[in-house]
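Encoded as structure tokens, the structure appears first; notes follow it.
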Amino acid sequence: MTALAEQADAAVTTPRPPRRRRARHPYAVASVLFLAPLVLVFAVFSWWPILQSAMLAFQRTNLVEAASWVGWQNFANLFADPLLGKAALNTLWFTVLALILGFPVPVLLAVVMSELRKGGGLFRVLVYLPVAVPPVVAIMMWKFFYNSDYGLLNGLLGLVGLGPFPWLQDTQWAMPSLVLEATWAGAGGTVLIYIAALTSVPRELYEAAESDGASIRRRVWHITLPQLRGVLLLMLLLQVIGTFQVFTEPFVMTDGGPEDATVTVLLLIYRYAFVYGDYGMAGALSVLLAVVLGLLSAVYLRMTKAWSTT
């Protein structure tokens with residue numbers, strides 16, 4: 001007992017060594033000072049406008065007279081507008097058509113160009129060329145192509161006895177026409193992303209498949225697509241978000257017509273703000289769109305988390 005008591009007293013009286021303070025990285029302060037202006041600029045020009053839009057959603061203002069706080073009244077007026085449902089359905093229809101046409105086309109082009117032994121660089125330039133054309137210029141060019149009287153498309157189809165088709169004048173043809181132009185204009189950048197991702201696929205897998213006599217279709221289905229699964233899921237989400245925010249095509253090409261068949265959510269926001277002068281309604285619809293896209297992204301990432309890692 002005496003020995004145990006002495007050991008306990010020694011443990012109590014023996015001073016503990018001081019804790020070592022975590023050494024700061026010598027470049028930590030410099031890194032913070034270097035990044036602070038960039039973060040500040042990003043916050044001022046990105047997050048502050050978002051906060052202002054959220055505040056406008058609860059105000060009645062035309063940005064000239066003093067704003068008045070109206071609470072949820074803008075949202076009530078928004079849901080009472082019959083054009084909101086039509087714009088939402090049109091946007092959803094554009095998204096579905098863009099996924100059917102615009103999502104597989106870049107994948108197929110990337111796979112074909114990756115299999116080319118010669119001329120791959122030339123084809124990449126030609127595919128990416130539409131991206132270099134300014135969006136408004138490209139849309140005006142396609143608007144000329146779609147002209148029902150002297151347009152290029154009806155002229156070419158007339159050589160084989162087809163048409164003429166009312167591309168932008170008919171409610172059923174207008175939205176597919178916009179999707180066709182948007183796919184042509186935006187596919188080039190996506191193709192380059194897929195080609196870059198294909199370079200990470202081990203060539204040994206293709207060589208082993210070729211030695212086993214696998215066709216190109218089987219190599220693409222069993223090797224290429226599984227290896228690109230993570231990139232495909234991410235690009236699918238980005239395309240859905242982008243198509244939900246389509247604005248330039250319906251604004252420049254059809255102005256929402258004919259008979260509001262191409263009015264989208266962003267075009268309706270533009271009308272609320274710059275045609276009707278009701279920035280509160282525009283802010284409310286902007287907040288609603290942001291919430292929908294945020295929830296959609298969260299659910300999508302949650303559902304595809306296991307698929308992209310296995």
Side-chain angles (χ1 to χ4, degrees), residues 46-47 49-54 56-57 74-75 78-79 81-107 130-131 135-136 138-139 142 171-172 174-190 193-194 231-257 260-275 279 281-305 307-308:
S46 180
W47 288 104
I50 294 175
L51 293 176
Q52 284 186 316
S53 299
L56 286 176
N74 286 328
F75 291 92
L78 181 65
F79 286 110
D81 188 354
L83 193 56
L84 175 63
K86 191 172 185 61
L89 290 177
N90 290 340
T91 304
L92 184 61
W93 179 229
F94 182 92
T95 301
V96 171
L97 290 178
L99 291 178
I100 294 175
L101 179 63
F103 188 73
V105 167
V107 179
V131 182
V136 176
I139 293 172
W142 275 81
T171 56
Q172 295 182 350
M175 191 63 79
S177 301
L178 299 186
V179 172
L180 181 61
E181 186 280 331
T183 302
W184 173 86
T190 309
I193 293 176
Y194 288 139
V231 179
L232 289 172
L233 293 176
L234 178 60
M235 295 304 297
L236 178 61
L237 175 61
L238 294 178
Q239 182 167 346
V240 170
I241 294 175
T243 51
F244 262 89
Q245 302 180 58
V246 60
F247 170 76
T248 310
E249 284 80 7
F251 176 70
V252 177
M253 194 173 290
T254 61
D255 195 25
D260 294 327
T262 57
V263 173
T264 60
V265 172
L266 247 65
L267 185 57
L268 186 58
I269 293 174
Y270 171 85
R271 288 183 177 181
Y272 281 145
F274 301 106
V275 178
Y279 292 90
M281 292 277 286
L285 185 51
S286 300
V287 170
L288 184 63
L289 178 61
V291 171
V292 170
L293 290 180
L295 293 176
L296 178 64
S297 301
V299 172
Y300 178 84
L301 292 175
R302 180 71 175 177
M303 292 176 58
T304 60
K305 183 177 180 181
W307 301 346
S308 59

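Owing to the predicted nature of the structure, the values given are computational and were not obtained by experimental measurement.
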TODO: Could you tell me whether a side-chain N or O of Tyr194 sits under 3.5 Å from a main-chain N or O of Leu232, the two making a donor and an acceptor?
DONE: no

TODO: With the side chain counted from C-beta on, respond yes when Met235 and Val107 share a heavy-atom pair under 4.5 Å apart, and no when they do not.
DONE: no

- [ ] Check whether any side-chain N or O of Asn90 sits under 3.5 Å from a backbone N or O of Asp260 as a donor-acceptor pair, and report yes or no.
- [x] yes

Open item on the list: Quick one: does any side-chain atom of Gln245 pair with a main-chain N or O of Leu289 as donor and acceptor, under 3.5 Å?
Closed with: no

- [ ] Please report the shortest heavy-atom distance between Ala282 and Ile269, naming the atom on each side.
- [x] CB-O, 3.7 Å

TODO: Measure the spacing between CG of Asp255 and CE of Met253 and express it to the nearest 0.5 Å.
DONE: 12.5 Å

Task: Value rounded to 0.5 Å, distance of CD1 in Ile241 from CG in Leu236 - done: 10.0 Å

TODO: Return the minimal non-hydrogen interatomic distance between Ala57 and Val287, and the atom names on each side.
DONE: CB-CG2, 4.0 Å

Open item on the list: A side-chain contact here means heavy atoms from C-beta on lying under 4.5 Å apart; do Lys86 and Val263 qualify?
Closed with: no

Task: Partner set under ring-ring contact (aromatic ring centres under 6.0 Å, His included) for Phe75, not counting sequence neighbours - done: Phe58, Trp72

Task: Test side-chain hydrogen bond (donor to acceptor under 3.5 Å, both in side chains) applied to Asn74 and Tyr272, step by step - done: CA-CA 11 Å; Asn74 286 328; Tyr272 281 145; over 6 Å; no

Open item on the list: Let me confirm one number: the CZ-OG1 distance from Phe94 to Thr264, rounded to the nearest 0.5 Å.
Closed with: 8.5 Å

TODO: Enter the distance from Thr248:OG1 to Glu181:CD here, rounded to the nearest 0.5 Å.
DONE: 9.0 Å

Task: Nearest heavy-atom neighbours spanning Ile50 and Ser46 - done: CG1-O, 3.2 Å

Task: Donor-acceptor pair, side chain of Thr262 and main chain of Thr254, under 3.5 angstrom - done: no

- [ ] Could you please spell out the steps behind the side-chain contact (heavy atoms from CB on, under 4.5 Å) verdict for Leu288 and Phe79?
- [x] CA-CA 11 Å; Leu288 184 63; Phe79 286 110; 3.9 Å; yes

TODO: Using the test ring-ring contact (aromatic ring centres under 6.0 Å, His included), find all partners of Trp93 that sit at least two apart in sequence or belong to another chain.
DONE: none

Open item on the list: Please report the interatomic distance CG(Leu237) to CG(Leu296), rounded to the nearest 0.5 Å.
Closed with: 7.0 Å

Task: Exercise: identify the closest heavy-atom pair between Tyr300 and Leu233 - done: OH-O, 2.7 Å

Task: Closest approach of Leu78 to Ala284 (non-hydrogen atoms, all atoms of both residues) - done: CD2-C, 4.1 Å

Task: More than 12 heavy atoms from other groups under 6.0 Å of CD on Gln52 - done: yes

Open item on the list: For a quick test of reading the model, state the closest non-hydrogen atom pair linking Ala182 to Glu249 and the distance between them.
Closed with: CB-OE2, 4.0 Å

Open item on the list: Once ring pair (Phe, Tyr, Trp, His ring centres under 6.0 Å) is applied, what residue pairs with a partner in residues 233-253 remain, sequence neighbours excluded?
Closed with: Phe247-Phe251, Phe247-Tyr270, Phe251-Tyr270

Open item on the list: The test is side-chain contact (heavy atoms from CB on, under 4.5 Å); show your working for Thr190 and Leu238 and say whether it passes.
Closed with: CA-CA 11 Å; Thr190 309; Leu238 294 178; over 6 Å; no

